[in-house]
Each structure stands twice: as structure tokens, then as C-alpha cells.
2 protein chains.
Amino acid sequence: MIELSTEQLEIIQKMSVFQVRAGMPPTEARILALLLVSDRTELTFDEIRETLSTSKSAVSTALNTLVLRNKVESITIPGDRKRYFKHQLKNWNANAKDGLEKLLSVNQLLKEILAVRTSETEDFNRDMRNVIAFIDFMQVELVQVFEKWNNLQNKENKENN
Amino acid sequence: MIELSTEQLEIIQKMSVFQVRAGMPPTEARILALLLVSDRTELTFDEIRETLSTSKSAVSTALNTLVLRNKVESITIPGDRKRYFKHQLKNWNANAKDGLEKLLSVNQLLKEILAVRTSETEDFNRDMRNVIAFIDFMQVELVQVFEKWNNLQNKENKENN
DNA sequence: AGTTTGGTTCTTTTAATTCAGAACCAAAAG
DNA sequence: CTTTTGGTTCTGAATTAAAAGAACCAAACT
């Protein structure tokens with residue numbers, strides 16, 4: 001059982017509300033938030049269960065999907081039977097990229113729609129071509145933004161060697 | 001009642017599945033998709049209801065939230081009591097920006113968490129500062145990308161005058 | 001004034017998520 | 001080989017979200 005300050009509890013609350021609004025199931029959200037605020041960054045299954053006072057089944061399924069989605073990593077220490085769970089901060093970047101790309105993939109469908117549309121509605125079709133062009137543009141630009149970030153990181157690393 | 005080809009029906013299906021996965025309620029998603037594929041771009045309440053064969057109440061609430069969220073505009077033609085509903089393609093850009101900004105607003109919470117974290121876990125905290133820096137970076141870059149797009153649009157408009 | 005049209009709002013029903021509790025299971029320990 | 005540990009999996013049960021149906025209402029038409 002992890003001891004948490006009032007502040008820590010409040011943040012878990014706020015953070016999980018935020019994530020639930022974004023579509024994440026409550027238990028997953030609370031586990032992620034706990035792993036972000038907890039003083040120890042690697043918690044066992046039972047520590048999580050006790051601290052959040054939920055059932056084993058809920059924790060089990062939530063952790064498994066979190067691991068599957070690369071939000072959490074599970075660590076095993078040799079000679080210790082329990083698994084330890086840790087927030088995958090390192091993957092935030094990549095997850096964000098994947099998420100954005102999924103959002104932008106709607107463009108495929110928009111192009112299909114445009115191909116099927118009557119040519120009678122020229123104004124509407126122009127607007128649609130414009131949306132499509134915008135999303136294509138975003139796709140290219142986002143790749144560049146991610147590259148730019150990676151370059152900045154590499155530079156920083158070199159400087160610190 | 002709007003007549004739809006098999007192709008149009010299939011696209012409505014695919015598009016609404018896509019949007020529902022992204023968290024949109026089914027009726028809203030199907031209305032939006034219908035307004036994208038339909039040969040007429042402005043449909044009445046009853047045309048939508050009949051074509052999607054759902055209840056008045058479902059259509060009413062869905063349309064109202066879509067209008068509220070600037071996804072659909074409602075047009076009234078003088079001398080015609082019905083309202084006509086049209087997909088707000090023009091707002092796609094702005095809606096995308098709002099959506100992204102909401103996503104990035106998680107950074108506020110991450111900063112709060114970092115402020116409360118123990119200093120014992122230096123590796124973890126560094127990763128967290130890195131995520132925060134990344135989101136801050138994205139925020140700045142996204143604004144620039146949107147500006148760049150607007151500039152491109154303005155240029156094009158001038159050229160076409 | 002009465003009726004029809006074009007919806008809205010409230011209540012009920014249905015369906016889908018989410019969680020808990022118990023049974024279960026494999027690996028390790030005794 | 002029996003027991004304990006560290007979970008997983010399989011039912012329900014409870015909550016929540018979505019849709020239907022019916023009652024309602026205001027504006028326009030007769």
C-alpha cells in the first residue's frame with residue numbers, strides 16, 4: 001500500500017478525469033496517474049490494487065491493455081516473482097505521433113467520398129478538396145516537426161558528452 | 001427520404017465507424033457522414049431522420065450538439081419553416097486546432113505533477129521534463145504550421161484575383 | 001379558434017462498459 | 001507433492017450511455 005499525500009491524491013483525481021474525458025477507462029486512467037505521481041516509480045500489482053482499492057480483475061485487465069498499448073512497461077527483477085509496473089514516459093513521443101497519424105488517416109476516407117460525390121455541388125466539393133489539402137499539408141508538416149524535435153534532442157545529447 | 005447508392009451507404013458506414021472509434025456517438029457520426037456523401041448538401045431534419053431511420057429525439061439531440069460544436073450549421077430559408085442542416089467543412093481547420101490544443105493541454109497537469117514529485121527519482125523526472133518540453137515544443141510548432149497554412153491560402157486567393 | 005408542421009423535452013427501454021468476486025492456474029517455495 | 005504467491009479468466013451485477021416513444025409546444029396555416 002503506497003502512502004500518498006493529499007496533493008498526490010488530488011492530482012491522480014484531476015489527471016484521471018482528464019484522461020477519462022479523452023476516452024480512457026477509469027481504472028486505466030487511475031493506474032497511469034498513480035504511476036506518474038508515486039514517489040516510487042515501479043509498483044507491484046498488489047501495491048497498485050491496494051492503493052487504488054480496486055479488484056484484482058480490474059487491475060489485471062487494465063494493466064494488460066496498458067502494457068499492450070505501450071503506456072506502461074512491466075519489469076521483472078531476477079529472483080523476485082512479482083512484476084513491477086512503470087509508466088512508459090519514453091514512449092509518449094511515439095504514442096503521440098501514432099495518435100496524430102491515426103487522426104489524419106481520415107483523409108483516406110475523405111478522398112473516397114470526394115471521388116463518389118456528384119459534380120453538381122461545386123462549392124461544397126471545393127471546400128472538401130481544401131480540407132483534404134489541409135490534412136495532407138498537416139501530415140507533411142508534422143513529420144517535419146517530429147524530425148526537428150529529434151534533431152534538437154540529438155544535438156543536446158552530443159553537447160552533453 | 002434521400003436515395004443513396006450502395007457506395008454512398010458503404011462510405012457512411014466506414015466513416016461513422018471511424019468517428020465512433022474516435023469517441024463520437026453513433027448518431028452524430030452517421031449524420032455527419034450522411035451530410036458528407038449526400039448529393040444534396042443541405043438536408044432537412046426529416047430527411048435525415050428518414051434516411052438514417054432513427055427517432056426524432058435522437059436526431060434532435062445529435063443535431064443540436066453538432067451545431068453547438070460547429071460541426072454542422074443550420075440554415076433557414078425565408079418562407080420555409082424547416083431548417084436545413086449542412087456540414088461545416090469550413091470549420092474543419094479550426095476544429096482540428098481546438099482538438100489538438102485540448103490534447104496538448106495535458107501539459108498543465110504534467111507540470112503540476114513534476115512540481116510535486118520527489119527529487120529522488122532523477123531519471124524519471126528527467127524523462128518527465130523531456131515530455132513536457134516536447135509538448136511545449138509541439139504547441140509552438142503547431143501554431144506555426146497553422147499560420148503557414150493560412151498564409152498559403154491567402155497567397156492563393158490573391159493570385160486568383 | 002383549430003389544425004398542421006417542425007421540431008423539443010421528458011421518461012422508459014435497451015445496449016454496452018466497467019467492475020467485483022470467485023474460481024482457477026502455473027511457477028516457486030517449503 | 002502440498003502450499004503459497006502472483007496473478008488470470010470467467011461469470012454476473014451495477015453503472016452509464018444511447019436510442020426510442022410519447023407527450024408536449026410554438027409558429028404558421030386554414
Side-chain angles (χ1 to χ4, degrees), chain A residues 1-2 12-13 15-35 40 42-69 71-86, chain B residues 1-2 12-13 15-35 40 42-69 71-86:
Chain A
M1 169 80 172
I2 303 291
I12 290 179
Q13 182 58 18
M15 189 71 180
S16 51
V17 165
F18 184 93
Q19 300 275 66
V20 167
R21 284 215 190 108
M24 182 176 289
T27 307
E28 284 179 40
R30 299 198 310 142
I31 291 176
L32 277 184
L34 170 61
L35 292 176
R40 280 179 37 235
E42 302 174 3
L43 304 184
T44 68
F45 185 98
D46 254 5
E47 284 171 334
I48 294 171
R49 190 187 54 71
E50 286 181 339
T51 309
L52 301 180
S53 56
T54 73
S55 65
K56 281 170 95 177
S57 55
V59 172
S60 178
T61 52
L63 275 175
N64 285 333
T65 74
L66 286 172
V67 168
L68 203 68
R69 302 251 148 80
K71 303 267 187 186
V72 164
E73 66 181 323
S74 98
I75 297 165
T76 56
I77 298 175
D80 189 344
R81 203 134 105 60
K82 327 187 228 330
R83 287 196 287 160
Y84 288 82
F85 296 93
K86 183 176 183 183
Chain B
M1 168 83 172
I2 303 291
I12 290 179
Q13 181 57 19
M15 188 70 179
S16 51
V17 165
F18 184 93
Q19 299 276 73
V20 167
R21 284 216 190 109
M24 183 176 288
T27 307
E28 285 179 39
R30 299 198 310 142
I31 292 175
L32 277 184
L34 170 61
L35 292 175
R40 280 177 38 235
E42 301 174 4
L43 304 184
T44 68
F45 185 98
D46 254 5
E47 284 171 333
I48 294 170
R49 190 187 53 72
E50 285 180 339
T51 308
L52 300 180
S53 56
T54 73
S55 65
K56 282 170 92 176
S57 55
V59 172
S60 178
T61 52
L63 276 176
N64 286 333
T65 74
L66 286 172
V67 168
L68 204 68
R69 302 251 150 80
K71 303 266 186 187
V72 163
E73 66 182 322
S74 99
I75 297 165
T76 55
I77 298 175
D80 188 343
R81 203 146 155 271
K82 325 189 231 327
R83 287 196 288 161
Y84 289 81
F85 295 93
K86 184 176 184 186

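In the text below, chain A, chain B and the rest are named by the order of the sequence lines, each starting its count at 1.
To the nearest angstrom, P of C/dT18 lies 13 Å from CG of A/L66. If you take CZ of A/R21 and P of D/dT16, they are 15 Å apart, rounded to a whole angstrom. Atom CD in A/E47 sits roughly 13 Å away from atom C1' in D/dG6 (whole-Å rounding). A/D46 has its CG atom 11 Å from the P atom of D/dT8, to the nearest Å. Per the geometry, CD1 belonging to A/I75 stands 17 Å off C1' belonging to D/dG6, to the nearest Å. Rounded to whole Å, the distance from CD on A/Q19 to C1' on C/dT18 is 17 Å. Atom pair B/K82:NZ and C/dT4:P shows a separation of 17 Å (rounding to whole Å applied). Per the geometry, CG belonging to B/L43 stands 16 Å off C1' belonging to C/dG6, to the nearest Å.
Annotation: the span from B/I31 atom CD1 to B/L43 atom CG amounts to 10.0 Å, rounded to 0.5 Å. Here the straight-line distance linking atom CD of B/Q13 with atom CZ of B/R30 works out to 8.0 Å at 0.5 Å rounding. From A/E47, atom CD reaches atom CZ of A/R40 across 4.0 Å, with rounding to the nearest 0.5 Å. The CG atom of B/L35 lies 10.0 Å from the CD atom of B/E42; values are rounded to the nearest 0.5 Å. Taken from CG in A/D46 to NZ in A/K82, the straight-line distance is 9.0 Å, to the nearest 0.5 Å.
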Please report the C-alpha distance between B/L32 and B/M24 in whole Å, then the side-chain angles of each, then the deciding distance to 0.1 Å, and finally whether the side-chain contact (heavy atoms from CB on, under 4.5 Å) criterion is met.
CA-CA 10 Å; B/L32 277 184; B/M24 183 176 288; 3.8 Å; yes
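Using a 4.0 Å cut-off, some side-chain N or O of B/R83 falls inside it from OP1 or OP2 of C/dG7.
When distances run from any side-chain atom of B/R81 to the nucleotides C/dG7, C/dC19, D/dA26, the shortest one goes to D/dA26.
In this structure B/S16 satisfies the side-chain hydrogen bond (donor to acceptor under 3.5 Å, both in side chains) test with no other residue, sequence neighbours excluded.
Heavy atoms of A/T27 sit under 4.0 angstrom from primed sugar atoms or phosphate atoms, though from no base atom.
Of all the residues in residues 48-65 of chain A, A/K56, A/S57, A/S60, A/N64 reach under 4.0 Å from DNA chain D with at least one non-hydrogen atom.
Each of A/G23 and A/G79 was assigned the nucleotide of DNA chain C with the nearest heavy atom; the assignment lying further toward the 5' end belongs to A/G23.
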